[in-house]
Amino acid sequence: MIGYLIRRLLYSIPILVGVCFLTFVLFYMTASPGEIARRNLSAKNPTAQQIKDWEHQHGYDKPKWKQFLDTTEGLFLLRLGRSDSVKGERVMTRIKESWFPSFEIAVLSFGAAITINLSLALVVAYFRGTYLDIYGTSLCVFMMSVTYLVYIIGGQFVFGRLLKLTPVAGFLPGWESLRFAFLPVVVAVISGMGASVRQFRTFMLDEMNQDYVRTARAKGVSEPQVLFKHVLKNAAIPVLTTSVQAIPGLFLGSILLESFFNIPGLGNYLVDAINSQDFAVVRAMVFIGALVTIVGYILTDISYALVDKRVRLE
Amino acid sequence: MNPPLLQVNGLKTYFNTPAGLSKAVDGVSFSLQPGETMAIVGESGSGKSITALSIMQLVPEPAGYIESGTISFDGQDLLDLTWEQMRSIRGRQISMIFQEPMTSLNPVFTIGYQIREAMLTHDKFKGESATSRARSLLERVGMPSPNKVLRQYPHELSGGMRQRVMIAIALANEPRLLLADEPTTALDVTIQAQILTLLRDLQRDTGMSMLLITHDLGIVSQVADKVAVMYAGQIVEQSPTNTLLSNPLHPYTQGLIASLPSRSRRGQELYTLEGVVPPPTRWPAGCRFHDRCSKRLQICDSQMPLATKYDDTRSVSCHLYPAQEMAGNQERLK
Amino acid sequence: MIPFKSLLTFSNLVPLLAIIIVLGGIKRSGRQPLWAEAYRRLGRNRAAIFSLAVIGIYCCIAVLDSITWKSNTLAQPESVITHLFHAMHVKSERTYSAPFAKMTTGEPHPHPLKGWHVLGTDGSGNDVLLQTLRGCRTSIIIGGFTSLLITPVAVLLGMLAGYFGHRVDDIIQYLYTTLGSVPGILLNIAFLLVLGPGLVNLCFALGITSWVDLCRLVRGETLKHRDREYVRAARALGVRDLRILVNHILPNILPVVIITVTLNFSSLVLSETILSYLGIGVPAGTGSWGNMIDAARLELARDPIIWWNLTAASTALFILVLALNVFSDALRDAVDPRLRSS
């Protein structure tokens with residue numbers, strides 16, 4: 001187990017270097033340091049000297065390979081550096097300020113989604129073959145076919161404008177934040193519901209066709225017990241895998257949600273940085289995003305091994 | 001004679017398949033005395049496993065259903081029972097073990113849990129007594145170090161060991177009838193013999209009845225008191241084991257026995273039955289065996305033979321043994 | 001009336017060529033027993049036939065919208081659909097108007113309309129029905145062209161990785177794991193910034209992120225088949241690797257690939273709307289449901305509410321994606337009954 005973890009972490013180093021390289025190349029293809037400097041300097045018409053100074057200050061005057069090595073090394077040591085923008089604030093400071101809204105929405109929607117979807121899938125699987133099942137799965141396909149945007153616009157319109165239950169957008173700290181988080185969480189849960197319920201139902205039905213279910217029935221185990229004990233614990237393996245895999249996606253899926261709902265979280269920070277071509281922030285955020293993704297994959301494997309005793313991590 | 005423990009009469013179990021209606025079991029009748037072991041022998045697709053599943057009422061739904069017939073167990077027709085009443089019989093009065101020991105145990109629960117669950121479900125043994133009984137059951141089925149096995153997961157055991165666990169689960173509530181559906185097919189030959197001996201000993205010790213489903217005529221003589229041969233959803237011959245092996249009546253049974261390797265026919269080429277069992281959606285008209293039969297008569301492809309008593313202990317469905325020449329009476333298959 | 005010479009342009013031949021290739025492929029595959037059986041099962045599935053018809057209608061509209069000609073030498077080339085609307089005297093209005101309305105909406109002093117509009121008009125007075133129909137082409141191209149781009153790449157790399165293993169596998173796995181570790185939407189944005197806006201570039205940008213899953217799947221499938229007896233037998237007979245890959249493994253993984261590609265088609269169509277929201281979708285002037293839905297965010301806040309724009313675009317999108325989802329489900333069931341969802 002420990003050996004496996006070490007190997008996985010070592011393997012993630014080249015991947016993170018690759019991510020840094022990709023970001024680096026893509027960014028230099030879109031913008032030159034001179035352009036970035038011009039955009040971010042306070043002076044209206046900066047002189048050549050001012051641009052040079054700025055480039056020197058932010059390390060853009062060094063050879064490209066040196067820049068790459070320096071920034072990558074910094075990222076690996078979690079020295080995220082300062083923004084390229086006028087204010088030049090520390091990236092870490094901004095992350096500390098804006099992690100909470102992202103985290104709150106991610107945790108709430110993850111918890112709500114898995115509870116609701118799993119319960120619905122259990123109900124549909126229990127009534128398999130009946131009209132409830134048929135209509136339920138059809139509804140899932142319907143829900144899968146509606147675009148994210150319509151869920152957001154519809155949610156804002158119905159909850160915010162018509163019913164005036166929640167704010168349409170924005171965010172406030174503290175307990176007040178729950179009121180603002182409600183709508184994004186609802187949208188996140190509803191938009192993923194169709195696909196998840198259908199997938200979970202398939203997992204359950206796959207398990208129901210297994211021989212051990214027949215054994216349980218032959219022992220005289222009651223039907224709810226068969227479903228909620230035998231089937232559920234086995235189906236938990238694929239459910240867990242797909243859910244844990246969704247964690248990094250959830251974290252970064254907030255990119256969309258946050259900019260739609262104007263929530264001052266990490267996703268919004270990243271989108272702003274891209275729009276203002278703030279390379280320092282983009283590379284730091286992409287690095288962290290990749291880190292979260294890789295950790296998510298490792299967590300998936302570990303949780304897999306914890307539930308399924310047949311899996312050995314080697 | 002005692003009243004039979006199990007009496008199956010005119011059982012028909014059908015399946016709705018994309019290819020049409022499949023008459024997997026089509027009019028099966030037999031009876032089983034308390035303490036008796038009967039084997040049902042047939043090729044794959046002959047309906048023998050479905051017969052056992054029908055008794056348990058575990059036919060895969062919704063495609064499969066019991067069309068008609070009666071299954072009376074201890075004088076009560078199981079088909080009249082509600083699902084809940086049937087559940088209290090399963091695992092307590094009638095137990096079943098399956099062909100696939102590798103997949104029949106739940107991979108995420110310990111062996112101990114799965115044995116205890118069988119007892120706790122029926123409230124016959126509780127708490128500490130269930131655990132100690134689980135331990136003694138494992139000992140009884142010949143598991144080394146039962147204490148350790150109780151905490152193990154199925155994947156840590158070999159196929160033969162798992163089948164022993166399945167037997168322990170089946171015996172947990174001292175059932176009166178054990179259905180063994182090809183219990184040794186998936187196992188190595190040496191293990192097969194051990195499991196069969198175990199089943200025979202357990203049957204003698206507990207006095208339960210046993211219905212052994214197998215495609216292997218070779219193993220029935222070790223275990224069974226009598227044998228029913230199934231072909232294409234029907235029983236074609238029933239007979240005490242020794243009589244059947246020494247003096248088979250139906251051409252199909254004769255073919256099956258002739259195709260067994262035996263010391264007396266050493267050096268000769270093995271007999272083979274030509275052809276295969278037809279698909280259960282398209283049984284042939286007349287006798288279902290007629291197109292593979294070497295002793296075919298004119299009547300065979302148009303009229304289905306009826307199950308006929310040949311003597312006190314044997315019955316056969318074949319036109320070679322017409323009813324009027326025999327003393328026994330004739331019963332029409334529904 | 002139609003100047004035939006101006007019809008014969010490269011851009012008009014492309015959609016026709018695409019149709020011929022697709023139909024030809026279906027016809028040829030029908031000769032193989034596996035596919036013939038699948039088509040037979042599809043033919044019995046009424047929902048599949050219906051959704052296929054719906055997809056067919058969308059494709060027809062897309063093709064009609066792709067064939068363009070100039071009505072006179074000075075004018076911009078316009079598509080069949082646009083010409084049709086001109087012929088029916090559907091003219092541009094000043095600004096918003098409700099479906100079947102006679103006056104404009106949202107102006108202090110409403111003006112009378114020049115014609116009637118089944119689905120109303122949008123902010124710049126364009127007919128919403130026309131805009132909606134023009135969105136078909138964009139969606140079909142985004143789904144179809146992107147699939148066309150990524151499938152060969154993903155299948156080739158996945159098969160190489162799965163079959164040869166070792167170093168080749170390491171490199172290809174590294175490639176897609178790295179790409180997969182960057183949030184997809186960021187890659188889309190970055191590539192669009194590099195390539196510049198445009199429909200084709202959008203397809204490339206979407207392709208960068210969506211080949212990863214397919215490649216991973218193909219690799220897994222190839223790995224599974226590589227150790228099957230029939231492949232070992234072929235290798236034992238001395239068949240060359242390339243031949244094994246193309247003649248033995250490819251036909252066996254093709255069903256899974258096609259099912260995945262059709263399933264992926266609908267998510268590509270859906271992602272267009274999200275990119276439109278982020279302002280990096282289809283350039284203005286090209287019909288796009290994403291842009292229409294995006295515009296509706298502000299329109300819903302107006303008084304009176306401008307609902308027809310949003311409704312038309314999202315319904316058109318919903319029906320297409322629903323048909324695609326139903327059809328790909330049916331296709332999966334038809335090709336591989338073991339994968340059946342129920």
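So you know, we letter chains A, B, ... as the sequences are listed, proteins then strands, and number each from 1.
Contact count versus chain A (heavy atoms, under 4.5 Å) is highest, among B/M166, B/E84, B/E100, B/M102, for B/E100. Of the residues considered (A/E223, A/E207, A/K229), A/K229 shows the highest number of contacts with chain B, using heavy-atom pairs under 4.5 Å. For the options B/V108, B/T121, B/I97, heavy-atom pairs under 4.5 Å to chain A are most numerous at B/V108.
Heavy-atom proximity under 4.5 angstrom to chain A picks out B/Y153 from residues 129-154 of chain B.
Around the OH atom of A/Y11, the shell of radius 6.0 Å holds more than 12 heavy atoms that belong to other residues, nucleotides or ligands.
Nearest heavy-atom pair, A/N234 versus B/P107, reported as atom, atom and distance to 0.1 Å: OD1-CG, 3.3 Å. For the pair B/A118 and A/K219, the tightest heavy-atom approach, listed with the atom from each and the gap, is CB-CD, 3.5 Å.
Heavy-atom distances place the backbone of B/L105, and not its side chain, under 4.5 Å from chain A. For a residue to count as touching a neighbouring chain, one of its non-hydrogen atoms must lie under 4.5 Å from one of that chain's; by this rule B/M86 does not touch chain A. Of the atoms belonging to B/I89, not a single heavy atom falls under 4.5 Å from chain A.
Between the side chain of B/R90 and the backbone N or O of A/A218 there is no donor-acceptor pair closer than 3.5 Å. A donor-acceptor distance shorter than 3.5 angstrom exists from the side chain of A/T215 to the backbone of B/S104, with no hydrogens or angles considered.
The side-chain hydrogen bond (donor to acceptor under 3.5 Å, both in side chains) pairs that include a residue from residues 157-169 of chain B are B/R164-B/Q194, where partners are two or more places apart or lie in different chains.
Counting heavy atoms from C-beta on, the side chains of B/M56 and A/R214 never come closer than 4.5 Å. Looking only at side-chain heavy atoms (C-beta outward), A/V213 and B/N106 stay at 4.5 Å or farther from each other.
If you check the side chains of A/H230 and B/Q114, you find no donor sitting under 3.5 Å from an acceptor.
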